[in-house]
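Heads up: the structure comes next, in structure tokens.
In this text the structure is predicted, and so the values were computed from the model without any measurement.
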Amino acid sequence: MQFDLQFRPASYWDHADPASAILSGIKGQNRRRMVLDFVTGDAPAWLGEIDPALVADGLDDSTRRALGASHPSWMGGEYLPDFLPGEVEIARIVMASVTQDVISVRARRRRGGRRLAYRVVDEYHEPGRPPWRCSPASSTRSLTLGQLIGLIDDAKHPDFEPYEGSLIDRIRDFQEGADPEDVVHFIALESDFYPALPAWYEERAAEWLVRARRELGGEDEEDENGGDDLSPSA
């Protein structure tokens, strides 16, 4: 697939369709999918009308606990930090963990409106925990697709420092001992502003799987040959 890495959305505050505008502030991953089904008419008729409280950006603690009690995946995204004034999510990384963890890439206008500031956040923001670092941290215009990919790939956090490669590969490598066939689809990328972003990372996932299979095959070959110690036995 050909990708236009120079593609640049005109604005992060002009949504392509009403559904994107409605979903933009909803933090919970399952709630986003549910609300989208209602907006597009794909929700089963027996569900009736959606509870307006479920369309809110965030939920109160009791509602979050109730949803999480029904299934842990309903916690996914719900514990992301609140949006700063004027801040929007431009991409999200969704993991197929038990609690469906989400990492959010966000943009906001700096005071004066001359530059856009970016930050990466996750659902583990207890006091004293180091923040994510990303580059670029700001720009005069919205990012190109290539620049956004670079920001995501190079995003840094101490939790993943022992691992090399892009952030997405580091997250996959973090699943130590797992079968590569299970890990390859562990991560999905979403964006209301960059339609090609999911497909880009699907291709990168296929490349990662080839590398992981090759490395696993190399380890198996070493084991069959008695490891890599070539010194003569005593």
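- Leu209 pairs by the side chain to side chain contact (heavy atoms under 4.5 Å, CB included) definition with Pro180, Glu181, Val184, Arg213, not counting sequence neighbours.
- With contacts defined as side-chain heavy-atom distances shorter than 4.5 Å, the pair Leu197/Ile149 qualifies.
- Across all their heavy atoms, Gly76 and Val102 have their closest contact at C-CG2, 4.1 Å.
- Screening residues 108-117 for side chain to side chain donor-acceptor pair (under 3.5 Å), with sequence neighbours left out, gives Arg115-Ser138.
- Trp200 is linked by a side-chain hydrogen bond (donor to acceptor under 3.5 Å, both in side chains) to nothing, counting only residues two or more places apart in sequence or in another chain.
- Here the CD1-CG distance, from Ile93 to Leu167, works out to 5.0 Å after rounding to the nearest 0.5 Å.
- Tracing side-chain contacts under 4.5 Å through hydrophobic residues (I, L, V, M, F, W, Y), one never reaches Leu23 starting from Leu80; they form parts of separate clusters.
- Scanning for ring pair (Phe, Tyr, Trp, His ring centres under 6.0 Å) contacts around Tyr118 gives an empty result, with sequence neighbours left out.
- Between the OG1 atom in Thr99 and the NE2 atom in His71 there is a gap of 10.5 Å [rounded to 0.5 Å].
- In this structure, Trp13 CH2 and Leu116 CG are separated by 5.0 Å, a value rounded to the nearest 0.5 Å.
- Asp14 is linked by a side-chain hydrogen bond (donor to acceptor under 3.5 Å, both in side chains) to nothing, counting only residues two or more places apart in sequence or in another chain.
- Under the side chain to side chain contact (heavy atoms under 4.5 Å, CB included) test applied with Arg106, the options Val121, Ile90, Val88 reduce to a single match, Val121.
- With sequence neighbours excluded, the residues satisfying side chain to side chain contact (heavy atoms under 4.5 Å, CB included) with Arg141 are Arg8.
- A distance of 9.5 Å separates NE2 of His15 from CG of Asp17, quoted to the nearest 0.5 Å.
- Under the side chain to side chain donor-acceptor pair (under 3.5 Å) rule, Gln29 has a single partner from Glu78, Gln100, Glu190, which is Glu190.
- Through direct or relayed side-chain contacts under 4.5 Å between Ile, Leu, Val, Met, Phe, Trp and Tyr, Tyr79 connects to Met75.
- To the nearest 0.5 Å, the span separating CZ on Arg31 from OG1 on Thr63 amounts to 9.0 Å.
- Residues passing the salt bridge (charged side-chain N to carboxylate O under 4.0 Å, His left out) test with Asp61 are Arg64, sequence neighbours excluded.
- For Ser97, the side-chain hydrogen bond (donor to acceptor under 3.5 Å, both in side chains) criterion is met by Asp101, not counting sequence neighbours.
- In terms of hydrophobic clustering, with Ile, Leu, Val, Met, Phe, Trp and Tyr side chains grouped at heavy-atom distances under 4.5 Å, Trp208 and Phe3 are assigned to a common cluster.
- For the pair Asp153 and Arg204, the salt-bridge criterion is not met [side-chain N within less than 4.0 Å of a carboxylate O].
- Under the 4.5 Å side-chain heavy-atom criterion for grouping Ile, Leu, Val, Met, Phe, Trp and Tyr, Phe83 is not connected to Leu59 through any hydrophobic cluster.
- Under the 4.5 Å side-chain heavy-atom criterion for ILVMFWY residues, no single connected hydrophobic cluster contains both Trp74 and Val94.
- Applying the side-chain hydrogen bond (donor to acceptor under 3.5 Å, both in side chains) rule to Asp154 yields no partners; only residues at least two apart in sequence or on another chain are considered.
- Here the closest heavy-atom approach between residue Arg119 and residue Leu84 is recorded as NH2-CG, 3.5 Å.
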Verdict with supporting geometry, Lys156 and Val120, side chain to side chain contact (heavy atoms under 4.5 Å, CB included): CA-CA 9 Å; Lys156 299 290 193 298; Val120 177; over 6 Å; no
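- Looking only at distances, a side-chain donor or acceptor of Gln175 sits under 3.5 Å from a matching main-chain atom of Ile171.
- Here the straight-line distance linking atom CD1 of Ile103 with atom CE of Met95 works out to 4.0 Å at 0.5 Å rounding.
- Contact detail for Pro9 and Leu143: the closest heavy-atom pair is CD-O, 3.5 Å.
- Open room surrounds NE2 on His185; 12 or fewer heavy atoms of other groups in view lie less than 6.0 Å from it.
- For the residue pair Met1 and Ala199, the shortest heavy atom distance occurs at SD-CB, 3.7 Å.
- Nearest heavy atoms, Ser24 versus Asp192: CA-OD2, 4.3 Å.
- Side chains of Leu189 and Ile152 form a contact here, defined as non-hydrogen atoms less than 4.5 Å apart.
- The side chain to side chain contact (heavy atoms under 4.5 Å, CB included) test applied to Gln2 returns no partner, not counting sequence neighbours.
- A tilted orientation is assigned to the rings of Tyr194 and Tyr12, their planes being inclined by 30° to 60°.
- Between Arg172 and Tyr201, the shortest heavy-atom distance links the atoms NH2-O, 4.3 Å.
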Which pairs would a plain distance check flag for residues 128-137, meaning a side-chain donor or acceptor within less than 3.5 Å of a matching protein atom at least two apart in sequence or in another chain?
residue, atom, partner, partner atom, Å
Arg129, NE, Tyr124, O, 3.2
Arg129, NH1, Asp122, OD1, 3.0
Arg129, NH1, Asp122, OD2, 3.1
Arg129, NH1, Tyr124, O, 2.4
Arg129, NH2, Asp122, OD2, 3.1
Arg129, NH2, Asp159, OD2, 2.7
Trp132, NE1, Asp122, OD2, 2.9

